[in-house]
Amino acid sequence: MSWQDIIEARVSSTNRLSPEDAVILYSQAPLHALSRAANKVRKQMNGSKEVTYLIDRNINYTNICTINCQFCSFYRPPGHEETYTQTISEISERIQELENIEGVRILMQGGVNPELPIEYYTDLLKEITTRHPTIDIDCFSPIEIEGIADVTGLSTLAVLELLKEAGMHGLPGGGAEMLVDEVRKDISPKKGSPANWLKVMSEAQSLGLITSATNVIGFGEGPEQRVEHMHRVRELQDSSLAKHDIGFTSFIAWPVQLENNSYGRRNQGRNRFELGAGPSEYLRHIAISRLFFDNIPHIQASWPTMGIDVAQMALLGGADDAGSTMMEENVVSASGTDKLEASEKELQAIIIRAGFTPRRRNSRYDLLSTPEIGTKLSELACPPPSQI
Ligand code: SF4
């Protein structure tokens, strides 16, 4: 089929895009046609008026890590003078600050720290659910769960059961990057395999935990590899929905940040033009992901990595969610991006200026009552990226 026929079939019916179709779209379809088609599908799945956002806080509880991903500027190896691990009180103070601005969720992730016993995690979860009962705690990505399993000798499922019992609400989708064996071996040879990431997510979904799927592009991979990543995620989603009636809430993609890490340095001057992903490449990926994932309800636009203008274009080309305020983001910003934090007013301005109505949500994507912080469109200056 031609790319025109593939798009027509996808938009006019519930025809599922095959991996081969998706590769043809990547290779042949122009951006404007992809964005227009993805916008139609987004309207069919999520309506045309609202764009959701979340008030939350990132907490990076430890930066000690033994995995040494080449694209990561955040971690420090054990024994390094800049290592830290936060205490329950320090974390609780941060959550209190989030409560003060009506936040509803913390996203707590860190390195794979071999010095922490299982009690660090379970005591932390029990204490913060007692002190902050209205805050959802989404924490510990699959590679951290694997790390805890290694330290304790327990299975990853047993670790997840213990953490859920202690108060864990969901599992962030971090660490997926590119679920393609040859890419993962190149960028994170010590990280668990793509199959492991999918297995831990499947176990989390079997326990009813809230999960999302992420994807980092720009490692020099081709369309086939991007589609392989999406296909593996879609297959797991089919299986989890059939078995447990729960699956990934959303798909969140962004380009690798190269400024400040060994991956960027290693490739400096060599195939440099093939690394990273500019706005047009990112927008193509967002649009194709909306067309491909007929079983994942939400696609997120990434303002922190792409900037506001591109995120707004993503909202017009398949995405229906503007992500979160990201109070205290440390991992992506360690790679050299500008400060990654937006006020609720700024996020609302971004959404309104893109032509939508802002709507607060929680991590399950339940819609919440939303204050009208913005005034008239004409009075809303869209803040330049450098001020966010
Ligand atoms: S991305 Fe995560 S697992 Fe990889 S080095 Fe950084 S903190 Fe460790």
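Both ligands and their constituent atoms are indexed starting at 1 by order of listing. FYI, the numbering just counts along the sequence from 1.
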Seminar exercise, completed: Numbered in order shown, the ligand 1 atoms found under 4.0 Å of a heavy atom of Asn68 are 5 (S)
Problem set entry | With Phe251 via ring-ring contact (aromatic ring centres under 6.0 Å, His included) - residues at least two apart | Phe293
Problem set entry | His298 and Tyr365 aromatic ring geometry - parallel, tilted or perpendicular at 30°/60° bounds | parallel
Exercise. What atoms of ligand 1 come closer than 4.0 angstrom to any heavy atom of Cys72?
Worked result: 1 (S), 5 (S), 6 (Fe)
For this session: Output yes if Cys69 passes the N/O/S-under-2.8 Å test against atom 6 (Fe) of ligand 1; output no otherwise.
Result: no
For this session: Check each atom of ligand 1 against the heavy atoms of Cys65 and keep those under 4.0 Å away; list them by number with element.
Result: 3 (S), 5 (S), 7 (S), 8 (Fe)
For this session: Taking atom types as modelled, find out whether Gln225 and Glu182 have a side-chain donor-acceptor pair closer than 3.5 angstrom.
Result: yes
For this session: If you link ILVMFWY side chains whenever their heavy atoms are less than 4.5 Å apart, which other residues fall into the same cluster as Ile64? By chain and number, please.
Result: none
